[in-house]
Novice: 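Can you read through this structure? Questions will come right after.
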Amino acid sequence: MTPFNEQQPDRIHEERREQIKSAALKVFALRGIAGTKMSMIAAEAGISQGLSYRYFNSKEELFTLLVEEAMERAQEAVQNIAHLPGTPVEQIRALTIRMLDASHKHYFLLLQQAQASDEVPAKAKQIIAAYSPQDTIGGLIPLFVKGQQTGDFCAGDPYQLLFLYFSVITGLMLQEAHSAEGHWLQDVDILMKMVTK
């Protein structure tokens, strides 16, 4: 057997796991853990429910794994924003586009669901608790303050303004779930006008 043929089952297994995770992320983001069944995840992935259990033992296991990935992505995005080129306004705009992009928005919505639901598995709650608000939203405060000092962002409590900013983003994401893909792009400039002078 050639090395390629030996690696084939591992590659197929990993691709199937990613297919199931991607489907689960979308379903959890829109329905939460309480409103999701493994059968829904399997249907979204285009596989049988029985096959999904060959890769993951339960929806709770999948949810917890996805929460961990979402927290890592959120922390990475906040840490990287300061390294983006441009002014604070341009950096926040780039972050906004990234969060609303189809490849990222479901992670953001998943975290919203995880923080709002009472049925979140204990391990997922521990993962969320391990990250301080400073690691996520709070990490944007210095950038926002810098933008206020340069006169680009609105005056006021930066934490409150960022809370409102994220509330609007969440609303756009939920609206996007029921409209054409990319519809939100025209709303980014309007959102930026809400936080800038």
Novice: Which heavy atom of K125 sits nearest a heavy atom of D118, and at what distance?
Specialist: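 In this case the closest contact between K125 and D118 is NZ-O, 3.8 Å.
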Novice: Does the side chain of F56 come within less than 4.5 Å of I41's, by heavy atoms?
Specialist: no
Novice: Kindly compute the distance separating CD (E15) from CD (Q19), expressed to the nearest 0.5 Å.
Specialist: 9.0 Å
Novice: Report the distance from atom CG of N80 to atom CZ of R73, rounding to the nearest 0.5 Å.
Specialist: 12.5 Å
Novice: Would you check if the side chain of Q148 reaches a backbone N or O of G156 as a donor-acceptor pair within less than 3.5 Å?
Specialist: yes
Novice: From R54 CZ over to R16 CZ, what is the distance, rounded to the nearest 0.5 angstrom?
Specialist: 9.0 Å
Novice: Give a yes or no answer on whether the side chain of T196 reaches the backbone of M192 with a donor-acceptor pair at less than 3.5 Å.
Specialist: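 Indeed, once roles are kept as given, a pair shorter than 3.5 Å links the two residues.
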Novice: Grab the two heavy atoms, one from T64 and one from K123, that are nearest each other, plus how far apart they are.
Specialist: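 Looking at all heavy atoms of both residues, the shortest contact is CG2-CG, 3.8 Å.
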Novice: May I ask you to decide if G147's main-chain N or O and T150's side chain share a donor-acceptor pair within less than 3.5 Å?
Specialist: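 Answer holds: yes.
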Novice: Distance check, rounded to the nearest 0.5 Å: I141 atom CD1 versus K146 atom NZ?
Specialist: 15.5 Å
Novice: Begin from the C-alpha positions of L84 and R98 and carry the test side-chain contact (heavy atoms from CB on, under 4.5 Å) through to its verdict.
Specialist: CA-CA 12 Å; L84 294 175; R98 181 177 179 185; over 6 Å; no
Novice: Given 3.5 Å as the limit, does a donor-acceptor pair link the side chain of T36 with the main chain of G32, or not?
Specialist: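 It does hold such a pair.
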Novice: Can you confirm if the aromatic rings of H106 and F28 lie within a centre distance of less than 6.0 Å?
Specialist: no
Novice: Regarding R93 and E90, does a basic nitrogen lie under 4.0 Å from an acidic carboxylate oxygen?
Specialist: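 Answer for the salt bridge query: no.
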Novice: Identify the heavy atoms of L161 and A155 that sit nearest to each other, and give their distance.
Specialist: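 In this case the closest contact between L161 and A155 is CD1-O, 3.8 Å.
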Novice: Which heavy atom of Q91 sits nearest to which heavy atom of P85, and what is that distance?
Specialist: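 Heavy atoms of Q91 and P85 come nearest at CG-O, 3.9 Å.
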Novice: Rounded to the nearest 0.5 Å, what separation is found between the CD atom of E44 and the OG atom of S22?
Specialist: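 Answer for the CD-OG pair, E44 versus S22, is 8.0 Å.
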Novice: Going hydrophobic residue to hydrophobic residue with side-chain gaps under 4.5 angstrom, can you get from F163 over to V145?
Specialist: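 No; tracing contacts between hydrophobic side chains, which count when under 4.5 Å, never links both residues.
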Novice: Are F144 and L164 connected in the hydrophobic side-chain network, where two residues link if heavy atoms are under 4.5 Å apart?
Specialist: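 No, because F144 and L164 fall into different hydrophobic clusters, even though each may have its own neighbours under 4.5 Å.
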Novice: Do you know the tightest heavy-atom contact between S52 and I20?
Specialist: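 Closest heavy-atom pair between S52 and I20: CA-CD1, 4.0 Å.
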Novice: How long is the span from the CZ atom in R31 to the CG atom in L109, to the nearest 0.5 Å?
Specialist: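 The distance works out to 14.0 Å.
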Novice: Please test M99 against F166 for side-chain contact (heavy atoms from CB on, under 4.5 Å), starting from the C-alpha separation and ending with a verdict.
Specialist: CA-CA 10 Å; M99 285 190 299; F166 279 106; 3.5 Å; yes
Novice: Which heavy atom in K105 sits nearest to a heavy atom in L100, and how many Å separate them?
Specialist: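 Heavy atoms of K105 and L100 come nearest at CD-O, 3.9 Å.
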